[in-house]
Amino acid sequence: AKTLYEEANERLSQAIKDKNFNEAAKAQGLLEVAKQKLEHAVEQTKECSNKRVELDINKKRLLEDYSKHLSTKKRKD
């Protein structure tokens with residue numbers, strides 16, 4: 001997405017300098033696609049981050065429960 005954005009931005013700048021409005025329209029379309037891809041990547045990153053937090057919470061809970069289980073088992077012995 002970043003590469004696409006950079007290319008589209010360069011093409012748009014050149015099209016404006018050249019007053020080539022067909023190329024400018026194409027570059028604008030590429031910018032829109034790049035924007036959508038970047039937004040999707042940000043969404044995915046947020047989702048992964050949330051899942052990571054959830055996994056850390058579950059891991060902590062599991063370790064605490066296992067630790068309690070071991071403590072209870074030692075008392076019985």
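Note: hydrogens, waters and symmetry copies are ignored here, and every other heavy atom, side chains too, is used. Quick note: residue numbers are just sequence positions, from 1. Treat the numbers as computed from the prediction; the structure is a model and nothing was measured.
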- Partners of Glu47 by side-chain hydrogen bond (donor to acceptor under 3.5 Å, both in side chains), sequence neighbours excluded? Lys51
- For Arg52, check salt bridge (Lys or Arg N to Asp or Glu O under 4.0 Å) against everything at least two apart and list the hits. Asp56
- Item | Set of residues satisfying salt bridge (Lys or Arg N to Asp or Glu O under 4.0 Å) with respect to Lys59, sequence neighbours excluded | none
- Task: Tell me, please, which residues at least two apart from Glu39 pass side-chain hydrogen bond (donor to acceptor under 3.5 Å, both in side chains).
- Result: none
- Item | Those residues that, when tested against Ala1, pass side chain to side chain contact (heavy atoms under 4.5 Å, CB included) (two or more places apart) | Lys37, Leu38
- Using side chain to side chain contact (heavy atoms under 4.5 Å, CB included) as the criterion, list what pairs up with Glu43, not counting sequence neighbours. none
- Query: Just how far is it from atom CG of Asn9 to atom CD of Gln14, taken to the nearest 0.5 Å?
  - Reply: 12.0 Å
- Query: So which pairs with a foot in residues 60-70 pass side-chain hydrogen bond (donor to acceptor under 3.5 Å, both in side chains), sequence neighbours left out?
  - Reply: Asn58-Arg61
- Query: How does the hydrophobic cluster around Leu30 look, that is, which other residues are in it when side-chain heavy atoms under 4.5 Å mark a link?
  - Reply: Leu4, Val33
- Note on the structure: Under a side-chain separation threshold of 4.5 Å, the hydrophobic residues clustered together with Leu31 are Tyr5, Leu12, Ile16
- Item | Gap between atom OG1 of Thr45 and atom CG of Asn50 - 0.5 Å precision | 11.0 Å
- Task: Any pair with a residue in residues 1-12 that passes salt bridge (charged side-chain N to carboxylate O under 4.0 Å, His left out), sequence neighbours left out, goes on the list, sorted by first then second residue, please.
- Result: Glu7-Arg11, Arg11-Glu23
